Amino acid sequence: MGLDPAGSLRVVVSALKTKLTGLSTAVATAVTESDNILQAIGKLQAQIKKANGLYNPIIGLYESGGKYNQAHAIPHVSGNASINSGTVFYFPYPSHADWTAPLAEINVQTAGAGAKVQIAFYASDASNNPDARLLLSSIIDCSTTGDKSVTASITLAEKKLYWVGVLVTGNTINLRSLASQVLRPIGGMSSASGSPPTVYFGTGQSVLATTGAEIMALQKLSYFAPVVALSAA
């Protein structure tokens, strides 16, 4: 049987025009010899998407253990901040992907007898200002040090901005925190000095806000914020 160059070329051209129907980018694991072409392309695309989430300074920074914190500028400056009872922080949280985070976590570095923390998540409006509350966590006991997690079960959209509220009550504690320069700038906020404030801050508070208007009535500062890490698994 003779060769059919024209027929072989038609097969190649047809293959190149084939649509990637059924392509899934949900799995970012390594490509294996058992994967078909469609699975391999999907895995590679998912790995690229994940890598962009680690380094893109506007969509959150990755921590070890499948966690993402709210930092969106480099360098990623982390420290330790003393926070008095009745203090509340509201700060932007950019989502790195479409995902559901089952847990939210803080790190208590100096505990206080009777100290408690509560976390809330908020949507943002068209100007990236805080909007309606989406979730209010249960109370986190901060009478001992270490990582403290609470059920979050919040679904976030890729490259969408959210806001997080953290309220400390009961006693003064030290929480792992981020310096102000790793939180700014995010749109929808401005000041006379031209340096965009990044945190809404209040004292003498006993509950977390339910609306964006309540948050925006507080003082706006270029300030530190407690680290809130969302678990990816």
Side-chain angles (χ1 to χ4, degrees), residues 60-61 63 67-72 76-95 101-112 114-124 129-154 156 161-184 186 189 197-231:
L61 293 184
E63 295 190 354
K67 301 169 188 173
Y68 292 80
N69 68 44
Q70 72 266 28
H72 51 267
H76 177 187
V77 182
S78 180
N80 180 352
S82 177
I83 303 173
N84 294 328
S85 176
T87 302
V88 67
F89 298 83
Y90 297 95
F91 47 84
Y93 187 104
S95 174
L103 297 173
E105 182 180 284
I106 58 172
N107 179 267
V108 180
Q109 300 191 341
T110 303
K116 300 176 178 64
V117 165
Q118 194 168 26
I119 300 170
F121 289 85
Y122 301 82
S124 62
N129 288 312
D131 206 350
R133 191 169 74 192
L134 302 173
L135 180 143
L136 180 66
S137 80
S138 57
I139 300 293
I140 304 172
D141 180 3
C142 296
S143 59
T144 58
T145 59
D147 291 336
K148 309 291 181 182
S149 62
V150 64
T151 300
S153 296
I154 184 163
L156 307 177
L161 186 70
Y162 298 86
W163 288 79
V164 179
V166 176
L167 173 66
V168 175
T169 58
N171 207 338
T172 297
I173 55 175
N174 281 36
L175 294 178
R176 179 180 170 222
S177 301
L178 293 172
S180 61
Q181 61 263 41
V182 304
L183 292 174
R184 63 189 180 120
I186 282 287
M189 306 177 72
T198 61
V199 174
Y200 289 95
F201 172 81
T203 58
Q205 306 292 307
S206 59
V207 295
L208 284 158
T210 58
T211 68
E214 293 174 54
I215 296 172
M216 294 175 68
L218 298 172
Q219 186 177 13
K220 296 184 292 186
L221 299 170
S222 291
Y223 209 35
F224 75 90
V227 171
V228 173
L230 291 181
S231 170

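What you are looking at is a predicted structure, and each value in this text was computed from that prediction instead of being measured.
- Note that CD of Q109 is 10.5 Å distant from CD1 of I173, once rounded to the nearest 0.5 Å.
- In this structure, K148 NZ and L175 CG are separated by 11.0 Å, a value rounded to the nearest 0.5 Å.
- A donor-acceptor distance shorter than 3.5 angstrom exists from the side chain of Q205 to the backbone of T203, with no hydrogens or angles considered.
- The two residues A152 and A104 have their closest heavy-atom pair at CB-N, 3.8 Å.
- Using a distance-only test at 3.5 Å, with no hydrogens or angles considered, a donor-acceptor pair links the side chain of S137 to the main chain of I119.
- In this structure the side chain of S82 never reaches within 4.5 angstrom of the side chain of T110, judged on heavy atoms.
- Pairing each heavy atom of I215 with each of Y200, the nearest pair is O-CD2, 3.3 Å.
- Residues I140 and V108 have side chains not in contact (no heavy-atom distance under 4.5 Å, counting atoms from C-beta outward).
- For the 3.5 Å distance criterion, the side chains of S85 and N171 fail to qualify, holding no donor opposite an acceptor.
- Atoms CG and CD, from D147 and E105 in turn, are 4.0 Å apart once rounded to the nearest 0.5 Å.
- Contact of the L208 side chain with the Y90 side chain is registered, since non-hydrogen atoms from C-beta on lie closer than 4.5 Å.
- When all heavy atoms are compared, the tightest approach of L136 to A120 is CD1-CB, 4.0 Å.
- For the atom pair S149 OG and I106 CD1, the distance stands at 9.5 Å (nearest 0.5 Å).
- To the nearest 0.5 Å, the span separating CH2 on W163 from CE on M216 amounts to 8.0 Å.
- One finds the CZ atom of F91 at 10.5 Å from the CZ atom of F224 (value rounded to the nearest 0.5 Å).
- I83 is listed as a side-chain neighbour of P226, based on a closest heavy-atom distance under 4.5 Å.
- For Y93 and Y122, the distance between ring centers is not under 6.0 angstrom.
- The minimum heavy-atom distance between T145 and A111, with the atom names listed, is CG2-N, 3.7 Å.
- The shortest side-chain heavy-atom distance between V168 and C142 does not fall under the 4.5 Å cut-off.
- Pairing each heavy atom of S177 with each of A81, the nearest pair is OG-CB, 3.2 Å.
- With hydrogens and angles disregarded, a donor-acceptor distance shorter than 3.5 Å links the side chain of S124 to the backbone of L161.
- Using modelled atom types, one side-chain atom of R133 and one backbone atom of A209 make a donor-acceptor pair closer than 3.5 Å.
- The minimum heavy-atom distance between A225 and V199, with the atom names listed, is CB-CG2, 4.2 Å.
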